[in-house]
Amino acid sequence: MPATGQAELLKVRQGKCDSLRQSGADPYPYKYAPDHKATALHEKYKDLENGTETTDQVCVAGRIMAMRNNGMFLDLQDSSGKIQLFCHKDSTPAGELAKLDYLDIGDIIGGEGTIRRTPRGELSIRAVKIQMLSKSMRPLPEKYHGLSDIEARYRQRYVDLIMNEESRNTLRTRSRIIALIRNYMNDMGALEVETPILNSIMGGASAKPFVTHHNALDTDFYLRVSPELYLKRLIVGGLADDVYEIGRLFRNEGISPKHNPEFTAIEGYHVYKDYHDMMDLVENLVQTIVLDIHGSLKIPYGDYEIDYSSPWKRQSMLSLVEEESKIDFMTLKTADEARTAARDLGIFVDPKASWGQVVETVFDALVEPKLIQPTHVMDHPLDISPLAKVHRENPRLVERFETFINCWEIANAFSELNDPAVQRERFNAQVAARNAGDEEAQMLDEDYVVALEYGLPPTGGWGMGIDRLVMLVTNSSNIRDVICFPTLKPKKNPDQ
RNA sequence: GACCGCUUAGCUCAGCCGGUAGAGCAACUGACUUUUAAUCAGUAGGCCGUGGGUUCAAAUCCCACAGCGGUCACCA
């Protein structure tokens, strides 16, 4: 079998690895004790003049990203940044210089020496000792263009992360955003909880589920599409006045730049609060995050500048629809009238669509594409919101809002429906829709109704998609950029 | 799910009016030795995504399939 180009490259590195072993060194030693990170050194010596030598001894470790002048200059990359290692025959012992023969770009090495700044201004370590910490067997992508193949970046995220600082920064910012959310919630005294991911009844959202099977119980389970019904059970139980959960949700739907089958959301529930309070909460939380990450409430996304300053626009869905369509759907009493009005606007609606579904369809078509700046869209039709409490002033509506930024829904919240009899009716309507072929209609959760019968206090609840928020804050155009390992179709012949 | 596009060396890309497969980086051999995408000389490295078809001849034209991307549909 003829060796491919890649096989030859691997063979060369294997040869160096073997030689290193024969020289008595371990290509994969157990530990190392660097005392400085690259960026800390740049900070500490930022005032060191060009051409200055010091006697300050430091020890660093990192991956070799570049070798210049036959290894005289090694660029080491650690988790903080890069630092140059300088190996010169005048100052580096011959035995150490000999080790350069075993090195390749991509190897992880440790280096000790003294700090200096070259005459041309590069902070460097004049090496007196170098040590292999992990021999790399595969060539890294080209130093200048890096790894740009989109598929390779997601399939081999580790290579993407080695090569692309932007990818590292985005995922680090994601982590920081989640920490900020957690801090915010904990600071208000909310209790973080965990509820089942394996659900025997799908509930809390309209979505198509993943199904899995438990062998010992011989039972199918749905991967949760929302933790909502469990979290409200905890409120019923009085576990805490404020509970929240940050976790993965799973929806068996299409994949797009804004949709990953598994995504991360937060949901929170707060006793004795209503949806107006939730609007304040969402607005304040998002501002806290944007301000922490950017130091400003006006930040760019794509071609726009998004202004997160208060107050965010708060307007009812019906009046937004009326502004764009010139139709006051509130005056249309039946689904039939609504469907006709939508068709007159040139908007396709399902012939079985209810009044509320028509309003929602018209909203999606005419209003949503215009909601660039943060907007709380309020007071949705009742029949598309089976878990929300009826509006205190209008029986056709519920007390619900969705927050839109950059035309994306990033939050959804309501005054929670806590009348058990009404909840049962709403569930029954969903079941009827489901039986009529609506795959995304919700299922009857009898136990949840029982929980309501024990008494759910007046409660405000909200949920927010964290991935999309991270996209907004990191100016990422694809949800995959903010997920470490986005869902990809497996390759039939995985070759690397 | 529908439509459009992409797939060539480890990486980034040329080549696509059909006529023996190219460059830069990485690698290897050597030179040089305070570089910054180091430089210079040389060497090696390819099932041109997979499978069919047209043709004397296919990386190139046609069809199917796969993966990926974009747009739309569904959704957060």
Side-chain angles (χ1 to χ4, degrees), chain A residues 1-13 15-16 50-51 65-75 82 84-91 97 104-106 116-124 126 136-156 159 162-163 205-208 225-226 249-265 267 348 350 360-361 364 368 402-405 407-412 438-440 463-469 471 477-480 486 488-496:
Chain A
M1 173 170 164
T4 68
Q6 183 175 12
E8 285 174 22
L9 293 173
L10 300 194
K11 231 164 104 182
V12 167
R13 285 176 180 238
K16 290 183 186 180
N50 290 3
M65 296 304 289
M67 300 172 71
R68 291 181 292 280
N69 293 43
N70 287 349
M72 191 193 303
F73 301 98
L74 301 174
D75 282 351
K82 282 184 189 173
Q84 179 171 272
L85 213 56
F86 177 58
C87 304
H88 195 272
K89 56 189 175 188
D90 291 345
S91 51
L97 281 178
D104 283 299
I105 290 172
R116 64 189 292 261
R117 191 178 291 281
T118 67
R120 299 202 189 183
E122 185 72 36
L123 189 70
S124 306
R126 183 182 285 278
S136 169
M137 303 308 294
R138 288 176 183 269
L140 285 178
E142 193 214 345
K143 62 192 166 193
Y144 189 59
H145 298 92
L147 183 70
S148 58
D149 180 82
I150 295 168
E151 183 177 355
R153 286 183 46 217
Y154 297 138
R155 284 197 194 279
Q156 294 184 278
V159 182
I162 290 169
M163 300 305 297
S206 303
K208 291 175 199 147
V225 297
S226 163
L249 309 184
F250 305 86
R251 298 192 183 174
N252 204 341
E253 289 155 1
I255 294 176
S256 84
K258 293 175 209 55
H259 301 265
N260 198 62
E262 51 180 305
F263 63 101
T264 300
E267 285 197 16
F348 172 81
D350 191 302
E360 185 181 35
T361 301
D364 289 347
E368 197 181 278
E402 293 177 296
T403 305
F404 286 81
I405 303 174
C407 311
W408 307 336
E409 182 199 332
I410 68 145
N412 181 26
D438 185 348
E439 263 188 278
E440 296 185 358
M464 185 167 72
I466 291 179
D467 309 270
R468 287 185 180 178
L469 181 66
M471 289 173 70
S477 60
N478 195 310
I479 196 169
R480 292 175 160 185
L488 293 177
K489 195 160 181 172
K491 291 194 106 168
K492 274 187 176 170
N493 295 310
D495 54 333
Q496 301 200 345

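Computed over heavy atoms, backbone and side chain alike; hydrogens, waters and symmetry mates excluded. By convention in this document, chain letters (A, B, ...) are assigned in the order of the sequence lines, proteins followed by strands, and residues within each chain are numbered from 1.
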**Student:** Could I get the full list of salt bridge (charged side-chain N to carboxylate O under 4.0 Å, His left out) partners for A/Arg13, not counting sequence neighbours?
**Tutor:** none
**Student:** Between B/A44, B/U36, B/A37, which one does the side chain of A/Glu8 approach most closely?
**Tutor:** B/A44
**Student:** Could you tell me whether a side-chain N or O of A/Asp149 sits under 3.5 Å from a main-chain N or O of A/Ala152, the two making a donor and an acceptor?
**Tutor:**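 Yes, the answer is positive, given that a donor and an acceptor are paired below the 3.5 Å cut-off.
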**Student:** Just compare B/C74, B/A76, B/A38 and give me whichever is closest to any side-chain atom of A/Lys208.
**Tutor:** B/C74
**Student:** Base, sugar-phosphate, or nothing: which does A/Arg153 touch, judged by heavy atoms less than 4.0 Å apart?
**Tutor:**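 The residue A/Arg153 makes no contact with any strand.
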**Student:** Checking contacts here: which listed nucleotide (B/U34, B/C68, B/A76) is nearest the side-chain heavy atoms of A/Glu151?
**Tutor:** B/C68
**Student:** Residues two or more places apart in sequence or in another chain: which of them pass side chain to side chain contact (heavy atoms under 4.5 Å, CB included) with A/Ile150?
**Tutor:**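 Result, side chain to side chain contact (heavy atoms under 4.5 Å, CB included) vs A/Ile150: A/Tyr154.
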**Student:** So which nucleotide from B/U34, B/U36, B/G10 ends up closest to the side chain of A/Gln84?
**Tutor:** B/U36
**Student:** B/A76 P sits how many Å from A/Phe250 CZ, rounded?
**Tutor:** 17 Å
**Student:** Once you round it to whole Å, what is the distance between P of B/A76 and CG of A/Asn412?
**Tutor:**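 Taking CG of A/Asn412 and P of B/A76, I get 8 Å after rounding.
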**Student:** What's the closest nucleotide to the A/Pro139 side chain, out of B/G10, B/U36, B/G70?
**Tutor:**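 Of the options given, the side chain of A/Pro139 lies nearest B/G10.
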**Student:** For a quick check of understanding: with a heavy-atom distance under 4.0 Å over all strands, which category does A/Leu488 fall into, base, sugar-phosphate or nothing?
**Tutor:** sugar-phosphate
**Student:** According to a strict under-4.0 Å criterion, is A/Lys489 in side-chain N/O contact with OP1 or OP2 of B/C65?
**Tutor:** no
**Student:** Side chain of A/His145 only, heavy atoms from C-beta on: which candidate in B/C74, B/U12, B/A27 is closest?
**Tutor:**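 So the nucleotide nearest the side chain must be B/U12.
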**Student:** A/Asn69 CG to B/A37 P: how many Å, rounded?
**Tutor:** 12 Å
**Student:** Select one nucleotide: of B/U34, B/A27, B/U12, the one nearest the side-chain heavy atoms of A/Leu147.
**Tutor:**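 Closest nucleotide among those given: B/U12.
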**Student:** Can a side chain N or O of A/Asn50 be found less than 4.0 Å away from OP1 or OP2 on B/U34?
**Tutor:** no
**Student:** According to a strict under-4.0 Å criterion, is A/Lys143 in side-chain N/O contact with OP1 or OP2 of B/C11?
**Tutor:** no
**Student:** Output yes when at least one side-chain N/O atom of A/Arg155 is less than 4.0 Å from OP1 or OP2 of B/C68, else no.
**Tutor:** yes
**Student:** So what does A/Ser148 touch, heavy atoms closer than 4.0 Å: a base, only the sugar-phosphate, or nothing?
**Tutor:**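 If one applies the 4.0 Å heavy-atom cut-off, A/Ser148 turns out to touch the sugar-phosphate alone, with no base involved.
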**Student:** Students often get this wrong, so: under 4.0 angstrom with heavy atoms, is A/Arg117 touching a base, only sugar-phosphate, or nothing?
**Tutor:**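 Answer is nothing: A/Arg117 stays at 4.0 Å or more from every strand.
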**Student:** Given the structure, check if the side chain of A/Glu142 and the base of B/G24 hold any donor-acceptor pair shorter than 3.5 Å.
**Tutor:**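 Yes, a donor-acceptor pair under 3.5 Å.
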**Student:** Verify the stacking flag for A/Phe263 against B/A76: centroid separation must be under 5.5 angstrom and the ring planes must differ by under 30 degrees.
**Tutor:** yes
